[in-house]
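Residue numbers start from 1 in every chain, and the chains themselves are labelled A, B, ... in the order their sequence lines are given, proteins ahead of strands.
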Number of protein chains: 4
Amino acid sequence: MQPNPTFLNLPEEKKRRIEGAAADEFSDNGYRSASINAIVSKVGIAKGSIFQYFGDKKGLFLFIFGQSVEKVKAYLKEVRDATADAPLSIRLEETLKAGVDFTRKHPVIYRLYVRTLAEKEIPFRSEILTSIRRYSLEYLGSLLETARDKGELRDGVNLEAACFIIDASMDRFLQALTLPHMDGGLGIHNADEDELNRRIKALCNSLLSGVTP
Amino acid sequence: MQPNPTFLNLPEEKKRRIEGAAADEFSDNGYRSASINAIVSKVGIAKGSIFQYFGDKKGLFLFIFGQSVEKVKAYLKEVRDATADAPLSIRLEETLKAGVDFTRKHPVIYRLYVRTLAEKEIPFRSEILTSIRRYSLEYLGSLLETARDKGELRDGVNLEAACFIIDASMDRFLQALTLPHMDGGLGIHNADEDELNRRIKALCNSLLSGVTP
Amino acid sequence: MQPNPTFLNLPEEKKRRIEGAAADEFSDNGYRSASINAIVSKVGIAKGSIFQYFGDKKGLFLFIFGQSVEKVKAYLKEVRDATADAPLSIRLEETLKAGVDFTRKHPVIYRLYVRTLAEKEIPFRSEILTSIRRYSLEYLGSLLETARDKGELRDGVNLEAACFIIDASMDRFLQALTLPHMDGGLGIHNADEDELNRRIKALCNSLLSGVTP
Amino acid sequence: MQPNPTFLNLPEEKKRRIEGAAADEFSDNGYRSASINAIVSKVGIAKGSIFQYFGDKKGLFLFIFGQSVEKVKAYLKEVRDATADAPLSIRLEETLKAGVDFTRKHPVIYRLYVRTLAEKEIPFRSEILTSIRRYSLEYLGSLLETARDKGELRDGVNLEAACFIIDASMDRFLQALTLPHMDGGLGIHNADEDELNRRIKALCNSLLSGVTP
DNA sequence: CATGAATGAGAGTTCATTCAT
DNA sequence: GATGAATGAACTCTCATTCAT
């Protein structure tokens with residue numbers, strides 16, 4: 001999980017170039033098909049250096065992935081704290097907005113996550129995914145519980161199912177943002193800022209209100 | 001997309017063995033990492049034959065994937081027709097049940113779809129995914145429109161958003177079935193039949209009713 | 001141990017070129033340092049072909065080594081049968097002469113054996129060496145037992161120790177032939193035919209008679 | 001052959017750690033497969049230091065090997081002097097015992113010698129081996145000459161051949177001690193102290209007396 | 001003087017694809 | 001039409017050596 005100190009002592013800019021190229025490569029090609037050749041020739045360093053920094057391909061992947069997860073967590077924590085007193089609808093909106101924002105700033109991170117989802121032989125895949133899902137559900141769970149305690153929810157609401165639906169919908173929303181092909185009916189992919197915000201509001205509204213009378 | 005006539009004239013049983021092995025290999029390893037070596041040695045035919053039948057790896061993949069999509073469509077069409085007169089809640093339940101059923105009978109097909117979602121260099125990936133999503137939304141859209149016309153929906157419901165949420169939630173439900181790690185809060189993965197049906201009902205209820213008073 | 005049939009069906013001449021190059025490479029460099037690159041570029045075939053024929057480096061080595069052992073055994077069996085009725089001194093001389101003859105015809109085989117002796121990580125090294133030593137001792141043992149039964153040996157001779165000494169001395173004699181550096185006092189390495197036969201006779205005499213009165 | 005003065009001025013303890021690690025590595029892996037990486041990481045010094053001290057891999061090997069040879073010579077000289085007045089049979093026994101003793105105390109040195117025997121590309125291999133053999137034969141030669149002068153030998157004994165046989169047999173005896181696989185008929189490898197001494201006596205007896213009446 | 005980061009050649013191995021049989 | 005031998009590029013990983021600090 002931890003790269004060699006050598007790597008950590010590298011000039012900030014070089015580090016970022018390596019991380020960037022590796023994240024790109026993994027998110028474009030998944031773990032197994034990602035090529036260390038491609039990474040080093042993009043960055044312009046010797047092949048051996050990568051192995052000096054990270055030991056092996058697995059070590060590189062674990063580091064890049066771990067970094068990404070940390071970034072996402074930090075981002076979400078910020079949103080949670082910043083909206084602590086807002087009503088649920090606003091908190092969901094802000095969460096999704098933050099997700100959109102983050103996905104745009106770090107598109108590779110989201111793709112990296114999707115790739116990890118799909119690939120079987122990724123090192124520690126099971127642990128990685130389980131921990132991500134758990135974190136995500138805890139986050140949404142705490143939002144919903146707070147809302148329930150404040151009386152914002154209907155009686156008898158199934159919190160688990162609600163979490164599941166919200167999680168899945170937001171996840172898909174972000175997928176649609178990253179992958180044009182998943183942008184089924186919502187026209188998210190090429191939307192401008194205003195349009196996107198309307199979409200977010202609409203989705204969150206629908207998530208909260210359901211469709212039946 | 002179309003294999004060489006030579007392939008089509010093969011004995012039914014041999015064709016099925018080839019298709020099965022190829023589907024397994026692609027769904028286990030994705031497109032790029034799938035090995036034609038592995039496929040032919042599993043089936044017990046000559047490597048050259050695959051290239052005779054399908055031209056190249058790309059052709060093989062396209063054929064296998066296309067076949068899978070046809071199977072899914074046929075399955076869904078059946079459900080739609082069979083439940084034409086039922087209320088929306090039942091139709092959703094039956095759809096999800098059918099999805100579960102199908103995923104269990106043809107686990108490789110679902111995995112194949114997830115892999116395709118994740119991999120960038122898959123031939124015609126964009127077209128493939130777009131068409132799948134469109135089909136899925138059309139299907140759900142027609143269910144919801146029928147329901148609206150029958151007065152089952154609340155006024156002012158945002159059909160697009162509803163479709164999106166239902167699609168995403170069902171998709172995730174099936175993912176949780178296939179991938180233990182996605183089974184966040186719902187405990188789907190190891191559920192017995194009864195438990196699973198309760199989960200399906202709960203999810204569909206929540207999808208229809210929302211959480212707010 | 002068995003190469004792919006593909007290899008066995010190769011034209012005799014090509015097979016021999018491959019076997020020769022591989023035996024050379026292994027006997028020059030040992031197992032680990034032997035380079036498949038070097039072998040294929042010497043033979044002029046593609047790198048992949050070696051792996052098609054033998055699976056991996058280990059398979060190649062095992063095949064080459066096994067072949068060599070078979071050749072040696074066949075050679076020794078011939079000598080044993082041809083000298084069945086001769087006195088021990090002649091049989092030893094003929095054995096050593098045969099060894100010299102063989103070592104000259106197939107110098108790589110002897111070097112291969114020495115290399116295997118020295119290297120730790122050779123596949124099945126332990127089994128290989130044990131079986132070679134056992135075979136060698138059985139061979140000499142049967143010679144000595146026959147001699148004893150014919151009354152050619154002094155009473156109370158320690159057969160085990162005698163075997164050991166003869167085995168070691170002959171082994172070293174052949175080493176001296178192959179490796180100029182081991183040619184300590186005997187001047188074997190550059191000896192002409194007559195000289196060599198004298199050396200053989202002298203060694204066998206000394207082996208039989210010892211040094212004490 | 002001589003390391004940089006920098007090395008010689010190192011604290012005794014550090015020098016010994018470096019020598020030990022290098023001897024281990026070379027004797028375990030041979031020259032070419034020995035890894036300087038492994039050596040430095042075992043000792044805990046910088047990789048560059050090795051090159052500073054010894055120039056290159058070759059220099060390091062030559063130094064380590066030379067050192068080992070010196071140790072052996074010193075050991076043998078001691079035995080020779082200590083047994084100057086004993087009869088030949090005792091001197092041989094003591095020599096072999098000393099060899100056993102030394103091999104046990106410094107197993108890497110013996111392995112190092114065997115490895116050098118086997119590997120072709122070792123620097124100055126030819127010179128190294130020639131000098132070792134010559135020394136060994138000189139040593140045994142002086143033992144035998146002394147014995148002849150004292151009338152311990154039969155008339156007409158071939159001293160050269162006797163030397164050769166004794167050298168080869170003792171060498172093999174030590175090999176059997178180090179490599180279980182060479183322990184052909186004698187059961188040396190797992191022998192306890194008493195048993196081993198009996199084996200040594202038996203071998204030396206047989207060496208001196210031969211097998212014929 | 002010691003350090004260890006950087007290098008790039010070379011290792012074994014796998015693979016899609018071609019084509020003579 | 002079916003076969004599978006041959007190919008060579010690409011893969012991950014190791015290593016001795018150099019040299020700026």
Figure out the [atom1]/[atom2] separation between [X] and [N], and round it to whole Å.
| X | N | atom1 | atom2 | answer |
| --- | --- | --- | --- | --- |
| C/Ile50 | E/dT14 | CD1 | P | 14 Å |
| C/Ile39 | E/dG12 | CD1 | C1' | 12 Å |
| C/Asn9 | F/dA6 | CG | C1' | 15 Å |
| C/Ile18 | F/dA5 | CD1 | P | 13 Å |
| C/Leu8 | F/dA5 | CG | P | 11 Å |
| D/Ile45 | E/dG4 | CD1 | C1' | 12 Å |
| A/Leu10 | E/dG4 | CG | P | 15 Å |

B/Phe61 side chain reached by B/Lys58 side chain, heavy atoms, under 4.5 Å: no
For DNA chain E, the dot-bracket pattern of Watson-Crick and G-U pairs whose distances stay under 3.5 Å, | for other-strand partners: .||||||||||||||||||||
Earlier contact from the 5' end, DNA chain E, for A/Lys14 and D/Gln52: D/Gln52
Summary of protein contacts for nucleotides 14-21 of chain F, nucleotide by nucleotide, where a base hit scores B, a sugar-phosphate-only hit scores S (4.0 Å, heavy atoms): BBBBB---
Neighbour count above 12 (heavy atom, 6.0 Å) for C/Phe124 CZ: no
A/Tyr53 side-chain N/O to E/dA6 phosphate OP1/OP2 under 4.0 Å: yes
Nucleotide nearest D/Ala46 when distance is taken to its side chain, options F/dA6, F/dT3, E/dT3: E/dT3
Proximity to the side chain of A/Asn4 - top-ranked nucleotide from E/dA5, F/dA5, E/dC1: E/dA5
Under 3.5 Å side-chain donor-acceptor pair for B/Ser35 and B/Asn37: no
Ring geometry between A/Phe63 and A/Phe7 (parallel below 30°, tilted from 30 to 60°, perpendicular above 60°): perpendicular
Plane angle bin for A/Phe26 and A/Tyr31 - parallel if under 30°, tilted between 30 and 60°, otherwise perpendicular: parallel
Reported CG-to-OG distance for the pair C/Leu112 and C/Ser27, which is rounded to 0.5 angstrom: 6.0 Å
From B/Ile39 atom CD1 to B/Asp24 atom CG, the distance as rounded to the nearest 0.5 Å: 9.0 Å
Touch class at under 4.0 angstrom, heavy-atom based, for D/Ser49 against every strand present: base
